[in-house]
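Below: the structure, in C-alpha cells.
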Amino acid sequence: MLTIDQQTHLALAHTRHALTRQIGRQARGAAWEAFDARLTRHFPALLHELASVYGERPDFLDVLARVLATAWQGWRQRPADLRALDAAREAEPDWFQSERMLGGVCYVDLCAGNLRSLMARIPYFKELGLTYLHLMPPFKCPADRSDGGYAVSSYREVNPALGTIDDLRELAAALRREGISLVLDFIFNHTSDEHDWAVSAIAGDPACQDFYLIFPDRRLPDAYDRTVREIFPDQHPGAFTQLSDGRWIWTTFNSFQWDLNYANPAVFAAMAGEMLAIANLGAEILRMDAVAFIWKQLGTDCENLPQAHALIRAFNAVCRIAAPGLLFKSEAIVHPDQVVKYIAPEECQISYNPLQMALLWNTLATREVNLLQQALEERHALPAGTAWVNYVRSHDDIGWTFADEDAIREGIQGFDHRQFLNRFYVNRFPGSFARGVPFQDNPATGDCRISGTCASLAGLEQGDTHAVARILLLHGVALSTGGIPLIYLGDEVGTLNDPTYLDDPAKASDSRWVHRPRRAEALHAQRSDPATPAGRIYQGLRRMIEQRRSCPAFTGGTLTGFRSRNPGVLGYTRTRLGQQVLVLANFSEFGQHCPAEVFATQPASAFDLLGARQRPLREGLTLAPYELLWLDCSDRPD
Ligand code: GLC
Ligand code: GLC
C-alpha cells in the first residue's frame, strides 16, 4: 500500500510526463521552469481537491492531465507585465490588507457608456481614492435576458455595446498604472442559454448536454425541489425551467441562466481555461459569483456542500500555478456560519461581508446596536492572509442574513424581525425614513429582500434631515472595521432610486434595477458644494478616506469590541503599530451619552480624527445624533 505522499508523487510524475509529451519543446526554458516549480509546490493541493470530487473515476489521471494542460496554456499566454505583477504579489502577499485599499463598483454602461469612455473616469476614481475597481460583468451576453451581465454567452468576448476584448485589456493596464486593481467576475455557476455549449446542447450534442443538468421529466426536479431554496421565485418556482422540448434544466437564478454540471470534470477543466483567460486580461481579483450553488446533491439544500469548497480550492490551486498574483473574492450571501467557510488563503482570500452589511441597515432601523456589536465581537475575526470586503450595499438586494441563533440571544425572533425590517425598508412602517422596494417577495415562505440606493434607504429621498449623517455613518463604519471597504459608485454623491427601470420590459420584473442608476452628472457637479447633500456626502466621505489612509491602526482586520454602555452607540477599537483608534458610532437621531466608567482605561482626552478636535473623556462623552467618532487613543508621552 502506497502512502499518500508516494501516491501524490506518482500522480505528479505521471501527469507531468503526460504534459511534457503533449507540449514537446515548450517544456524547456524559463517559462517552463517557473511553471514547473510552482506545479511541484501546488500539485499536492490540486490533486487532493480534485481527487475528493473526481478521484473515483477511472479516467481521473486524464482529468488531472487535462487541467494541467489548461494551466500551462494559461501561463504560457500570460503577458509579461502580469507575470511581473505575479512576482510582486508573491513578494508581498498581504498587499490587500493595506489601509490604503478602497474599492468601487459600477456598471460600465451606466457609469461611462463604454470601456473606452470609462478610461476618462480614471482621474475621478483616483480623486475618490480607489485602489480597486469592480466592473460588473462586461462579457458577451444576451441582449435582454442578461441579468445585468450575469448570464455570460462567451467569456472570451466583450459585449459589443461596451467595446472589445482589447479595450478591456487596455483599461486593465491603464487602471494598474494608476494603482487601481481591476476586479472582474468569474461567473462559474452558470452560463447564459446563448453560450455555445448551451446552443450545442439544445442542438443535441451529448457532450454539451452533459455540461448542464437536464432531466427528461419532473421526477428528479420534484425530488430536488423538495429541499432547495427558491432564489428568484418571481422568475420561476423551484430551481428548474422547462425547455421547449419538454425536458427540465437546472436554473438556480433566472430561466436563461443554466447551471453548469460540475459532476462532469470536463466542466471544471473548461471553466479553468475560461478563468485563466479572464485573469490574463489583467484582472487582479476574481469575484467568484454564486459560490454556494455549484454542487448539487439530492436530499440537501444544494448550497455550501463540501464539493463546492473543494472545487473552489482546486480553481485556486490552478491559479497558484498559472496566475499566482490573483486573488479570489467570495460572493456567498448565506448563513454567517457558511460565509466564513469560503474564506481561507487556499480558497477565497477575500469575501463580501454580508452580515455586516445587513446589520448596518438593521441598526439604522432599530437604533439598537446589539446585533451589530455582537457580530463584530464574535464573527469579524478571520484567518491570517484573508480579509473582508465591507460594503454598505451592492448591485444586489439586501437580504437579512443574520443568524437566528445570534438574534435570539438578544431577545430577537428572526422571522418576525425580518418581517419588521422588510416593512421598515419598503416604507410600510409608520415613521420610516426609508424608500426601498421589495425584491422577490415570496408569500409562500414570507421571504423578501430589499432594493434601494443607499441614499433612498437612508432617508434622502424622503427629505429626512438626518439622511446625510446616516449615509456617512454607514460608510464610516464600513471604512473602519477592517478589510477592504467597497463603495457602490453613485452612493458617494447620494444618488437616489431610479424607478425608470419599470419602463424597460427587460428590467421591469427585477427591482434591483431601482438601485442601479446611470451616473448622475448633476450630482457629481455638486460634489464640492457643501450647500448640497451631494457635496456634504462626498466631502464627508473624502475626509474619512483620507484619514483612514494615514492611520496604521486601520491596516488589516483585527478589531476589539468596546462596550459603550449605551444601547444606541456601537464601539470598537483598532490597534496596530502603536496606534489605537476607538470608533464610536451613534445610530440614533438623539444625542447619546456614554458614561465615564467605559473610558476608565483610556486617556483623559482623545483626538477625534474626523472632527479634528480634542474630546475629553473623563466625564464621559455625549455623541450628537448619528455622530461617528474616530478617537485616536494612542499612548502618547505628555
Ligand atoms: C450573483 C450576482 C447577482 C446575480 C446572481 C446570478 O448573486 O451578484 O447579481 O443575479 O449571482 O448570477
Ligand atoms: C445571491 C444570493 C441571493 C441573492 C442573489 C442576488 O447569490 O444567494 O440571496 O439575493 O444571489 O440577488
query = Which value, rounded to the nearest 0.5 Å, describes the distance between Q349 atom CD and Q97 atom CD?
reply = 10.5 Å
remark   = Applying side chain to side chain contact (heavy atoms under 4.5 Å, CB included) to D447 and not counting sequence neighbours gives N442, T445, R449
ask   = Is the backbone of T453 close enough, under 3.5 Å, to the side chain of H515 for a donor and an acceptor to pair up by distance?
value = no
ask   = Does any N or O in the side chain of E347 come within less than 3.5 Å of the main-chain N or O of A344, such that one atom is a donor and the other an acceptor?
value = no
ask   = Run the side chain to side chain donor-acceptor pair (under 3.5 Å) check on E99 and T555 step by step: do they pass?
value = CA-CA 4 Å; E99 70 284 2; T555 312; 2.7 Å; yes
request  = Start with the C-alpha gap between W400 and N422, add the side-chain angles, then the distance that decides, and say whether side chain to side chain donor-acceptor pair (under 3.5 Å) holds.
outcome  = CA-CA 9 Å; W400 308 110; N422 285 329; 2.8 Å; yes
CG-CG distance between L359 and L355, expressed to the nearest 0.5 angstrom = 4.5 Å
task = Cation-pi check, R418 to F402: give yes when NZ or CZ is under 6.0 Å from the six-membered ring centre and within 45° of the ring axis, no otherwise.
result = yes
key: Test ring pair (Phe, Tyr, Trp, His ring centres under 6.0 Å) applied to H395 and Y150, Y488, F439, the passing residue   = Y150
query = Do any N or O atoms from the side chain of N316 and from the backbone of E346 form a donor-acceptor pair under 3.5 angstrom?
reply = yes
request  = List the steps and the verdict of side chain to side chain donor-acceptor pair (under 3.5 Å) for H380 and T481.
outcome  = CA-CA 9 Å; H380 186 76; T481 51; 4.7 Å; no
key: Parallel, tilted or perpendicular, as decided by the 30° and 60° cut-offs, for the rings of Y224 and F240   = tilted
List, one per line, each side-chain donor-acceptor pair under 3.5 Å for residues 273-280, sequence neighbours excluded.
residue : atom : partner : partner atom : Å
E274    : OE1  : R156    : NE           : 3.2
E274    : OE2  : R156    : NE           : 3.3
E274    : OE2  : R156    : NH2          : 2.8
N280    : OD1  : R78     : NH1          : 2.8
N280    : ND2  : G74     : O            : 2.9

key: Side chain to side chain, V339 and S351, heavy atoms closer than 4.5 Å   = yes
query = Would a distance-only check, ignoring hydrogens and angles, find a side-chain to backbone donor-acceptor pair under 3.5 Å from T227 to T300?
reply = yes
key: I231 CD1 to E303 CD distance, which is reported to the nearest 0.5 Å   = 5.0 Å
task = Any chance you could measure L184, atom CG, to K329, atom NZ, to the nearest 0.5 Å?
result = 11.5 Å
query = Do NZ/NE/NH1/NH2 and the carboxylate oxygens of R409 and E378 come within less than 4.0 Å?
reply = yes
inquiry  = Looking at F232, is its backbone amide N or carbonyl O close enough to the side chain of H236 to form a donor-acceptor pair, meaning the two atoms are under 3.5 Å apart?
reply    = no
note = dist L281:CG -> Y155:OH (nearest 0.5 Å) comes out at 14.0 Å
key: R287 side chain to D185 backbone, donor-acceptor under 3.5 Å   = no
inquiry  = Would the distance check show the side chain of R574 and the main-chain N or O of Q580 forming a donor-acceptor pair, the cut-off being under 3.5 Å?
reply    = no
No-hydrogen, no-angle side-chain donor-acceptor test under 3.5 Å, D632 and S634 = yes
Reference residue H190; test ring pair (Phe, Tyr, Trp, His ring centres under 6.0 Å); the match among F253, Y262, F293, Y212 = F253
key: Ring centre gap for Y107 and W513 strictly below 6.0 Å   = yes
